[in-house]
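Below is one structure; the comments refer to it alone.
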Amino acid sequence: MTITRRSMLTLSVGAAIGVVAGVRSGPAAASAEDAMAKVMEFAGGSEPAMGTITLDAPEIAENGNTVPISVSVESPMTDGDYVESVAIFADGNPSPEVITFNFTPMSGEATATTRMRLAKTQNVIAVAKTSTGQVFMDKKEVKVTIGGCGG
Amino acid sequence: MAAVKPRVKVPKSASAGEVITIKTLISHPMESGQRKDNDGNAIPRQIINKFTCEFNGQTVFTCDIDPAVSANPYLEFTAKVNEAGTFKFTWVDDDGSVYTDEKEIALK
């Protein structure tokens with residue numbers, strides 16, 4: 001296509017915008033504050049107490065594309081007192097949400113395992129909410145040698 | 001997309017009241033939306049966003065899944081078995097596709 005002055009202008013404005021956008025290193029990472037805001041939102045407004053829930057994550061993840069994590073919450077898991085859900089957040093990923101596990105008394109135990117992506121070394125946070133309105137959390141730092149966000 | 005295949009491991013039988021472990025895997029690229037192709041264009045997000053496990057029609061366990069879950073999502077969880085019956089597993093894709101699998105369990 002012929003390069004008109006108009007297309008040159010569009011191209012250079014686009015490139016300038018691209019440079020400005022690129023300065024905020026992409027993929028844009030969530031901040032620790034974004035993650036804590038999500039934690040508090042899930043917890044219903046207040047910072048949860050540590051304990052009762054255990055988050056297992058490796059200290060060092062060789063491959064950020066697939067990091068095994070598991071959660072376990074002490075709970076009788078009866079109709080009157082059971083863990084309703086556990087949400088997992090990562091404070092250094094492009095977005096903090098990872099997964100929410102929703103349990104029922106038929107779960108037997110409030111425990112679940114999955115594999116997640118970690119873009120870089122960061123904290124993984126697990127928050128549990130029970131049917132009686134209690135909220136707990138656990139946090140682990142995972143060092144990542146090869147990031148898992150495709151770049 | 002290459003065939004999306006679920007694979008589920010459920011014990012063949014359990015004693016009444018026993019809590020069993022269920023392992024599930026589904027082959028799926030879980031395209032996060034973060035990757036770029038060779039021309040620098042973002043590859044659109046396409047993930048499994050919901051997983052459900054039911055037993056004899058009742059919900060036992062579900063997951064709301066975000067792009068930070070790894071490709072070929074692996075989910076391991078437990079279920080308390082009080083009677084014989086059928087587990088039904090469902091995975092829902094962003095594009096609306098629904099994948100399912102079923103496993104029977106007997107009482108010892």
Side-chain angles (χ1 to χ4, degrees), chain A residues 18 22 26-30 35 38 42 61 63-73 77-79 82-119 122 124 147-151, chain B residues 9 11 14-26 28-38 40-43 45 47-83 85 87:
Chain A
K38 293 283 178 182
F42 178 77
N63 180 356
N65 279 302
T66 172
V67 182
I69 55 162
S70 99
V71 291
S72 183
V73 189
M77 294 306 277
T78 58
D79 286 338
Y82 66 98
V83 176
E84 286 183 342
S85 39
V86 173
I88 311 280
F89 302 97
D91 72 3
N93 271 353
S95 318
E97 296 91 341
V98 181
I99 192 170
T100 302
F101 301 115
N102 303 305
F103 301 95
T104 68
M106 286 181 69
S107 297
E109 287 168 18
T111 143
T113 298
T114 189
R115 298 183 301 216
M116 64 173 287
R117 292 167 165 145
L118 287 170
Q122 60 187 287
V124 179
C149 271
Chain B
K9 222 163 161 173
S15 321
E18 189 182 337
V19 176
I20 60 163
T21 297
I22 296 176
K23 301 180 186 194
T24 74
L25 184 68
I26 187 165
H28 191 288
M30 297 291 281
E31 201 56 72
S32 65
Q34 297 293 330
R35 291 199 311 146
K36 297 213 175 9
D37 63 19
N38 293 332
N41 304 311
I43 301 171
R45 163 185 155 151
I47 68 166
I48 297 286
N49 61 57
K50 182 94 186 174
F51 168 80
T52 304
C53 169
E54 290 173 334
F55 183 67
N56 290 345
Q58 261 202 296
T59 302
V60 175
F61 173 76
T62 73
C63 296
D64 299 302
I65 301 170
D66 295 288
V69 169
S70 304
N72 305 323
Y74 175 74
L75 295 166
E76 183 180 320
F77 54 95
T78 58
K80 189 167 190 181
V81 179
N82 291 321
E83 54 185 6
F87 280 101

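The structure presented is a predicted model; accordingly, all values stated were derived computationally and were not measured. Letters A, B, ... are given to chains in the order of the sequence lines, protein chains preceding strands, and every chain is numbered from 1.
- Here the straight-line distance linking atom CG of A/Asn102 with atom OG1 of B/Thr52 works out to 9.0 Å at 0.5 Å rounding.
- Residue B/Leu25 touches chain A through its side chain alone, counting heavy-atom pairs closer than 4.5 Å.
- Of the listed residues B/Val19, B/Val60, B/Thr24, the one with more heavy-atom pairs under 4.5 angstrom with chain A than any other is B/Val60.
- The two residues B/Thr59 and A/Met106 make their nearest non-hydrogen contact at O-SD, 4.3 Å.
- Annotation: maximal heavy-atom pairing with chain B below 4.5 Å, among A/Ile88, A/Thr114, A/Thr113, A/Val86, occurs at A/Thr113.
- For A/Gln122, the side chain to side chain donor-acceptor pair (under 3.5 Å) partners at least two apart in sequence or on another chain are A/Asn93.
- Within the 4.5 angstrom heavy-atom criterion, no atom of B/Asn49 approaches chain A.
- Atom-to-atom distance recorded for A/Leu118:CG and B/Ser70:OG is 8.0 Å, nearest 0.5 angstrom.
- For B/Ala71, the parts lying under 4.5 angstrom from a heavy atom of chain A are both the backbone and the side chain.
- Minimum heavy-atom separation, A/Arg117 to B/Ser32: NH1-CB, 3.8 Å.
- The two residues B/Thr78 and A/Glu109 have their closest heavy-atom pair at OG1-O, 3.1 Å.
- Considering every non-hydrogen atom in both A/Glu97 and B/Ala68, the closest pair reads O-CB, 3.8 Å.
- In this structure, B/Phe61 and A/Phe101 have parallel ring planes: the angle between them is below the 30° cut-off, well short of the 60° mark.
- Listed by chain and number, the residues in a side chain to side chain donor-acceptor pair (under 3.5 Å) with A/Tyr82 amount to none (sequence neighbours excluded).
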*asked:* Pair B/Asp64, A/Ile99 - check side chain to side chain contact (heavy atoms under 4.5 Å, CB included), show working.
replied: CA-CA 6 Å; B/Asp64 299 302; A/Ile99 192 170; over 6 Å; no
